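If you're wondering where the values come from, they're calculated on a predicted model, not measured in any experiment. Convention: sequence-line order gives letters A, B, ...; per-chain numbering from 1. Atom set for the values below is all heavy atoms of this structure, side chains included, hydrogens, waters and symmetry mates excluded.
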There are 2 protein chains.
Amino acid sequence: MGTATKKTIQQLVSENSNYFQMAISVDCVIFGFDNNELKVLLIKSDLEEFHNEWSLLGDLVHLSENPDAASYRVLKEKTGLDDVFLEQVHTFGEVDRHPAGRVITIAYYSLIDIKHHKLKLSHNELHWHPVNEIHTMAFDHRKILSTCLEQLQSKVSEHPIVFNLLPEKFSLRELQTLYEAILGTKLDRRNFRKKFLMMNWLTDVNELEQNVTHRPGRLYRFKMRKHLQTTERKNAVAITY
Amino acid sequence: MGTATKKTIQQLVSENSNYFQMAISVDCVIFGFDNNELKVLLIKSDLEEFHNEWSLLGDLVHLSENPDAASYRVLKEKTGLDDVFLEQVHTFGEVDRHPAGRVITIAYYSLIDIKHHKLKLSHNELHWHPVNEIHTMAFDHRKILSTCLEQLQSKVSEHPIVFNLLPEKFSLRELQTLYEAILGTKLDRRNFRKKFLMMNWLTDVNELEQNVTHRPGRLYRFKMRKHLQTTERKNAVAITY
DNA sequence: GCAAAAGTGTTTTGCGTACACCCATGC
DNA sequence: GCATGGGTGTACGCAAAACACTTTTGC
């Protein structure tokens with residue numbers, strides 16, 4: 001791939017045929033928010049070598065399949081959801097990362113409404129785990145999780161993507177708790193509320209929380225729930241305090 | 001990779017052997033700064049199919065080689081430089097992106113001092129191109145270049161990495177012109193100087209520019225030239241105006 | 001002396017941040 | 001009535017932004 005004379009494709013293919021021996025996988029870090037905690041959807045590894053370890057949801061990319069499509073497929077198969085927030089983060093390709101051979105994996109993270117799937121969760125050994133309680137995982141998945149969490153923290157501070165983790169209607173308290181769970185910090189309630197209301201991203205749906213043991217909060221809906229998944233780059237705003 | 005019973009590695013390998021038919025490449029977007037312009041190092045494609053198109057510097061990842069090592073190897077082979085700033089950006093894996101078969105490429109960008117290599121530039125059809133003047137490229141390399149440029153713009157606004165593009169000693173004017181070239185904006189000279197001098201990242205080397213047709217500016221050296229390549233994440237500071 | 005860029009400070013403004021009290025509801 | 005969180009406004013400090021004139025050098 002680096003000589004001076006022009007090659008035909010046939011030459012290129014035959015010269016490099018021994019390189020076409022790798023596999024590509026996608027691994028999805030699927031985040032959810034429940035019980036005031038950031039959680040991630042994991043499956044028991046199906047490899048004996050990692051028999052007691054948890055693993056990210058992933059699969060090999062088919063020979064005639066795009067990586068993005070493969071990650072959507074994995075999500076659809078495991079959660080029943082399509083039309084989700086999904087973003088490529090990093091590619092992990094250490095030579096010895098997979099015991100079965102040279103498998104390079106492209107890591108994605110996804111944000112879903114944890115209440116909204118429930119579907120294929122019971123069968124398979126599929127469970128939600130609090131992100132903070134995961135210490136060891138199969139393969140290099142612990143590192144992948146860390147990288148995706150950092151990416152989430154960084155994105156969330158500049159782009160309004162957290163709405164993908166919430167039900168359609170939510171209170172400001174839920175929204176703030178979610179930010180706090182992701183960022184691992186405490187935020188000032190008044191400043192937080194002020195900021196979000198001024199952003200004009202929320203619509204007051206004129207409903208109140210139900211079944212709470214205290215004064216119920218107002219519920220809001222995100223104005224551009226679907227739209228922002230693709231245009232979020234334009235809305236760079238720091239969420240601080 | 002998604003059934004319920006445990007598998008041995010041997011089972012896994014044999015079941016999935018048909019997936020091990022892909023190749024991985026790395027492509028490096030090598031940025032340099034010269035003549036007040038941001039430039040990128042390109043090579044004439046060695047494929048007949050793209051005989052008049054420019055291509056990024058890349059190569060197939062060897063079967064027992066890590067992707068990061070492969071990108072360092074490409075850089076070393078083409079510029080003679082090691083110890084450079086190099087960062088993974090994104091992986092491009094569209095099914096039909098390469099005419100020779102399923103080749104998924106991991107894109108990196110690199111920042112080098114354009115004056116400091118010169119080495120292997122003459123042979124091969126290797127040339128520096130102003131980033132703004134590149135319109136078509138071989139494969140999907142135009143898209144890769146755009147993605148890496150966006151990444152550079154974003155990083156540069158928060159981390160002091162631009163020093164990798166400058167010679168050891170430089171004037172504040174050069175530094176500012178570099179920021180302007182990368183970001184495509186004009187910056188206020190007084191605010192820019194103030195900011196950098198207050199950051200305390202620069203050492204005044206007590207020398208003046210040579211061979212300029214006007215009052216010569218003072219030269220500075222970056223205090224942590226080597227160090228910051230690995231610790232730059234800690235220094236998140238917005239470069240604005 | 002003139003062109004070209006170096007060098008230098010002040011003022012304004014907006015945003016982030018800290019902070020305390022009353023209100024509505026469930027029990 | 002009390003516990004729990006909902007809801008609200010103000011004051012301060014800092015950093016970004018806007019802005020103009022004098023100085024030094026080469027020609």
Query raised in the report: Donor-acceptor pair under 3.5 Å: do we get one between B:Arg215's side chain and the base of C:dA6?
Result: yes
Query raised in the report: When rounded to the nearest 0.5 angstrom, what is the spacing between CG in A:Leu219 and CZ in A:Phe170?
Result: 9.0 Å
Query raised in the report: Atom CZ of A:Phe192 and atom C1' of D:dG5: how far apart are they, to the nearest Å?
Result: 15 Å
Report task. Using whole Å, report how far CE of A:Met198 lies from C1' of D:dG9. Result -> 12 Å
Report task. Starting at atom NZ of B:Lys195, determine the distance to atom C1' of D:dC14, rounded to an integer number of angstrom. Result -> 12 Å
Report summary line: One should read off an interatomic distance between A:Leu175 CG and A:Phe33 CZ, to the nearest 0.5 angstrom, of 9.0 Å
Report task. State which of D:dG5, C:dA6, D:dA16 makes the closest approach to the side chain of B:Arg173. Result -> C:dA6
Report summary line: Note: for B:Leu208 and A:Ser171 on DNA chain D, the residue whose nearest nucleotide lies more 5' is A:Ser171
Query raised in the report: Should we say atom NZ of B:Lys44 is surrounded by more than 12 heavy atoms from elsewhere, each under 6.0 Å from it?
Result: yes
Query raised in the report: Looking at A:Leu86, A:Val84, A:Ile30, A:Leu165, which hits side chain to side chain contact (heavy atoms under 4.5 Å, CB included) with A:Leu111?
Result: A:Leu165
Report task. Verify whether the ring centers belonging to B:His127 and B:Trp54 lie closer than 6.0 Å. Result -> yes
Requested in this report: Figure out the CG/P separation between A:Leu175 and D:dG5, and round it to whole Å.
Outcome: 18 Å
Query raised in the report: Can you tell me how far C1' of D:dA18 sits from NZ of B:Lys186, to the nearest Å?
Result: 17 Å
Report summary line: A:Leu187 CG to C:dC19 P, in whole Å, measures 15 Å
Report task. Compare every heavy atom of A:Ile182 with every heavy atom of A:Gln153, then report the nearest pair and how far apart it is. Result -> NE2-O, 2.9 Å
Query raised in the report: Atom CZ of B:Phe170 and atom P of C:dA5: how far apart are they, to the nearest Å?
Result: 20 Å
Report task. Specify the separation, in whole Å, of atom CG of B:Asn36 and atom P of C:dA4. Result -> 15 Å
What protein N or O atoms touch nucleotides 8-13 of chain C N or O atoms at under 3.5 angstrom, if any, and at what distances?
| unit_1 | atom_1 | unit_2 | atom_2 | d |
| --- | --- | --- | --- | --- |
| C:dT10 | O4 | B:Lys194 | NZ | 3.0 |

**Report entry** Spatial distance of atom CG (B:Leu166) from atom CD1 (B:Ile114) [nearest 0.5 Å]
**Finding:** 11.0 Å
